[in-house]
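Naming convention: chains lettered A, B, ... in sequence-line order (proteins, then strands); numbering from 1 in each chain. Predicted, not measured: the structure shown is a model, and the values here were computed from it. We use all heavy atoms of the structure for the numbers below, so side chains are in, but hydrogens, waters and symmetry mates are not.
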Protein chains: 2
Amino acid sequence: MTIDRLADTDYQLTEKGTPVSGTRRRVTQRDIARLSGVSQATVSLVLNNRLDAGVRIAPETRERVLRAIRETGYVADPLARRLADRNNRIIGVFTYEPVFPSGTRDFYHPFLVGIEENAERRSCDLLLLTSAPVQDGRRRIFAEGSRIRLADGCVLLGRDIDRDDLARLIEEDIPFVSVGRRDDAGGPVPYVGADYAAASAAMVGRALDAGHRELAYIGRGEGPESYADRLRGFTSAAPGTARRLPALDAASLDRLTAEGVTAVFLEEPADVPAVSAWAAERGLRIPADLSVVALGDPTRPVSIDLDATGFTIPRRDMGLQAVEVLDALLEGAETQAQRLLPCELHDGTTLAPPATGRNPS
Amino acid sequence: MTIDRLADTDYQLTEKGTPVSGTRRRVTQRDIARLSGVSQATVSLVLNNRLDAGVRIAPETRERVLRAIRETGYVADPLARRLADRNNRIIGVFTYEPVFPSGTRDFYHPFLVGIEENAERRSCDLLLLTSAPVQDGRRRIFAEGSRIRLADGCVLLGRDIDRDDLARLIEEDIPFVSVGRRDDAGGPVPYVGADYAAASAAMVGRALDAGHRELAYIGRGEGPESYADRLRGFTSAAPGTARRLPALDAASLDRLTAEGVTAVFLEEPADVPAVSAWAAERGLRIPADLSVVALGDPTRPVSIDLDATGFTIPRRDMGLQAVEVLDALLEGAETQAQRLLPCELHDGTTLAPPATGRNPS
DNA sequence: TCAAGATGATAATTCGTATTATCATCTTGA
DNA sequence: TCAAGATGATAATACGAATTATCATCTTGA
């Protein structure tokens, strides 16, 4: 029984004797076994070299098998291998909107950089769940024929994620991690979020240090957890006199400044240009006449002329750690499954001490 | 036998009666079979709905099975399906570099927009083959444990793609489409490329129309197919006197202009700023003293002050059509598997008639 | 009434690999 | 010389899904 049987006709035939069609069949352990006159099991044992667990292979046979493997260039079918150990090493990525938006500036991109980086490191593939059917303008996780279970686990991206979806993920025991903090939904939700509350509070601290006393928060402060967190952080650090404005409009801004507000905090950093425009119309200068703090960094292109004071969301790191947590969940390892990462404060040029005398007594 | 047996204890046990450990098991056809009181084979038959081949299922059982599938959210394990040589509606995306680069301006992004758009339309998921091991700084398609076969087929992205890899893809009969034209590699390569040759020739035509007679091509004109195509297009349309400069450097540019060249064609659009800077140093104005044509559009940020004359590579559409071709290949449908899409010419401001008298006789 | 055909479901096998239990055969030691 | 232990390999099975051949059961027609 020699190696060159590889060239024999019987190697060209399948078990049943039907000739292999034009395309060459890939070499399997069975082939190696035939070539070296052993059983398929032996080949597998040689390959996995399980010295432990009391598996013994005669050096002689071992060599014979290894030689056949070398000569044929056999490599294990990764699919079959994975099938046998029930781990597909596929990480699903779900977003309610397209992952690759046409818009120039990309909201998801930084997260994905981190996710890809860590997936690569862990030899995982990423499955973008683009097949999820779109209903009412957004993709649905759990629609008829949902393929979310194709992946071993899933990373969820998006500003707001349906609570019912989260509850169902938990209920159905589908491993997942949310990028961005989420409230409990029928159980604790694993997440890697940015610590908006702490960062917002810190920004308030800076404003107070600079001498501001009359502050205002502009934004809904509800809906997505990230909004609520900002408002909570703001409220926790701001004096009781702080105002709140649910939405941005010129009239309200007029009123606020008339009432003596010297610093406004924008829940939505993308609103900076609007405030800037409003100020220009009124002949007010930022920050001389009014300080503006962005509670985050702009996700949409913002006027270049203004370097807003605010903080940076560690997007890449969030994506990175989300994969880390997911991996731990899949391995059944212990992990901190709810993480809040600190934001880096950004000085910018829109926060300065208030003009004296503008503060009403 | 009702669906709520899902909650029964025996569902929590494996066949052998050993309790399922902490690790979740994915729902299998066997589970569905138990739930609906049929055999695994029946479940498979229902799923694959083989009305042909004389397979009959009673509507009643069919419904029962489908109900169980709906209630459990069952999806077939993609690995098992591939092992059995079936399709999963998963399109692989392979790039030699990370799909999501850290750099702001993203080379792959526009292609991916098109790919995702079409994948979504066809209810396919995208598998980013991030698990491919990195050797010598680039991912390898065919390394030990390559999981490329996990996808039904694959879209290849990248300026230059390894010829041997292409050959092996063909040899192993793995359906794929290259984004960007590729030379044959052991067989015709399916691709969706940009028609650089035609676009380059067209740009030469414009320069000639404007009165230019002495032209120069700057670039290697070899390596990636896209470079060769540009040079070929240029050469086909340019007069025999046209010069060629393999790489960009100040001295050579000096020489070219001294020799009377009035228009340069840049293989690499990203070189525009360099030429612009050189011109500024020499006190030359573009296009008054020298016309500059970019053979493509910049993939890297380019000085904003110069709107280069050139053409636009239809990236989104290339991605879109790549998926279209791949789908056709998978379906075994007839298609034009090698496509060159036209580029849109962009007027810009860097091409103008040459200053009179500068042309040597 | 009984064979032939229609109907509906299943057992068995395949894909390629991993693992466990089992089975021969050969050494020892007393 | 015979049982106990060591040694080396294999059979059997699992993983999850697809498919073919087979087997019951029920209709129908003459």
For [X] and [N], give me the distance from atom [atom1] to atom [atom2], rounded to whole Å.
| X | N | atom1 | atom2 | result |
| --- | --- | --- | --- | --- |
| Leu79(A) | dG16(D) | CG | P | 15 Å |
| Arg30(B) | dA14(D) | CZ | P | 7 Å |
| Arg34(B) | dA17(D) | CZ | P | 12 Å |
| Leu150(A) | dA17(D) | CG | P | 11 Å |
| Asp31(A) | dC15(C) | CG | C1' | 13 Å |
| Asn88(B) | dA17(D) | CG | C1' | 10 Å |
| Gln29(A) | dA14(D) | CD | C1' | 15 Å |
| Asn48(A) | dA18(C) | CG | P | 4 Å |

Under-4.0 Å side-chain N/O to phosphate OP1/OP2 contact, Tyr74(B) with dG16(D): no
Under-4.0 Å side-chain N/O to phosphate OP1/OP2 contact, Arg82(B) with dG16(D):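 Answer is no, no contact under 4.0 Å.
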Heavy-atom closest pair, residues [X] and [Y]:
| X | Y | value |
| --- | --- | --- |
| Pro188(B) | Gln338(B) | CB-NE2, 3.9 Å |
| Leu79(A) | Asp77(A) | N-OD1, 2.7 Å |
| Arg163(A) | Asp184(A) | NH2-O, 2.9 Å |
| Pro78(A) | Arg26(A) | CD-NH2, 4.3 Å |

Pairing of Arg121(A) and Glu117(A) as salt bridge, 4.0 angstrom limit: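 A salt bridge links Arg121(A) with Glu117(A).
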Short N-O contact, Arg82(A) and Asp85(A), less than 4.0 angstrom: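 Yes, charged N to carboxylate O under 4.0 Å.
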Sugar-phosphate only, base, or nothing, as touched by Ala76(B) at under 4.0 Å among non-hydrogen atoms: sugar-phosphate
Sugar-phosphate only, base, or nothing, as touched by Asp77(A) at under 4.0 Å among non-hydrogen atoms: sugar-phosphate
Backbone N/O of Glu97(A) and side chain of Arg139(A): donor-acceptor pair under 3.5 Å: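 Side chain of Arg139(A) to backbone of Glu97(A): a pair is present.
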Side chain to side chain, Thr42(A) and Ser36(A), heavy atoms closer than 4.5 Å: no
Dot-bracket encoding of pairs in DNA chain C, which uses [ ] for pseudoknotted crossings and | for another strand, Watson-Crick or G-U under 3.5 angstrom: ||||||||||||||||||||||||||||||
Contact state string [nucleotides 4-10 of chain C, B base, S sugar-phosphate only, - no protein heavy atom under 4.0 Å]: ---BBSB
Quiz item: cation-pi between Arg182(A) and Tyr191(A), 6.0 Å / 45°: no
